[in-house]
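To start, the structure under review is shown below, and the notes come after it.
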Amino acid sequence: MDFVLGAILLVLAVALIALVLAQPDKDKKLSGTIAGGADTFYGKNSGKGSNQKLLSVATVVVAVLFTVLVVVMYLVV
């Protein structure tokens with residue numbers, strides 16, 4: 001049982017690292033500040049493609065699963 005949980009934890013850890021590294025860079029340096037960049041709700045979300053939204057949701061899901069599995073392993077082992 002410990003081996004199976006450990007293997008799943010390892011897979012989730014690698015997946016979480018890969019998903020975080022795949023996130024697009026959100027740093028716009030000073031260009032958004034100087035130009036006044038669209039800081040409205042629609043301006044922030046309109047540039048996100050469906051792939052970026054899916055990547056963001058997948059990152060949150062994997063992070064939650066990882067955290068829950070770590071707590072379960074702490075309580076079981």
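Hydrogens, waters and symmetry mates play no part in the numbers below; they use all other heavy atoms, side chains included.
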Under 3.5 Å, which donor-acceptor pairs link side chains of residues 58-66 to any protein atom two or more places apart or in another chain?
from	atom 1	to	atom 2	distance (Å)
Thr59	OG1	Gln23	NE2	2.7
Thr59	OG1	Leu55	O	2.7

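- Hydrophobic clustering of Ile, Leu, Val, Met, Phe, Trp and Tyr side chains at less than 4.5 Å, counting indirect connections, unites Val20 with Val57.
- In the hydrophobic cluster analysis, where Ile, Leu, Val, Met, Phe, Trp and Tyr join through side-chain heavy atoms closer than 4.5 angstrom, Val14 is grouped apart from Val70.
- Both Leu69 and Val4 are part of a single hydrophobic cluster, where members link through side-chain heavy atoms under 4.5 Å apart.
- Val71 is not connected to Leu9 by any chain of hydrophobic side-chain contacts under 4.5 Å among Ile, Leu, Val, Met, Phe, Trp and Tyr, and they are in different clusters.
- The structure places CG of Leu19 at 9.5 Å from CG of Leu54, a figure rounded to the nearest 0.5 Å.
- Hydrophobic clustering of Ile, Leu, Val, Met, Phe, Trp and Tyr side chains at less than 4.5 Å, counting indirect connections, keeps Val11 apart from Met73.
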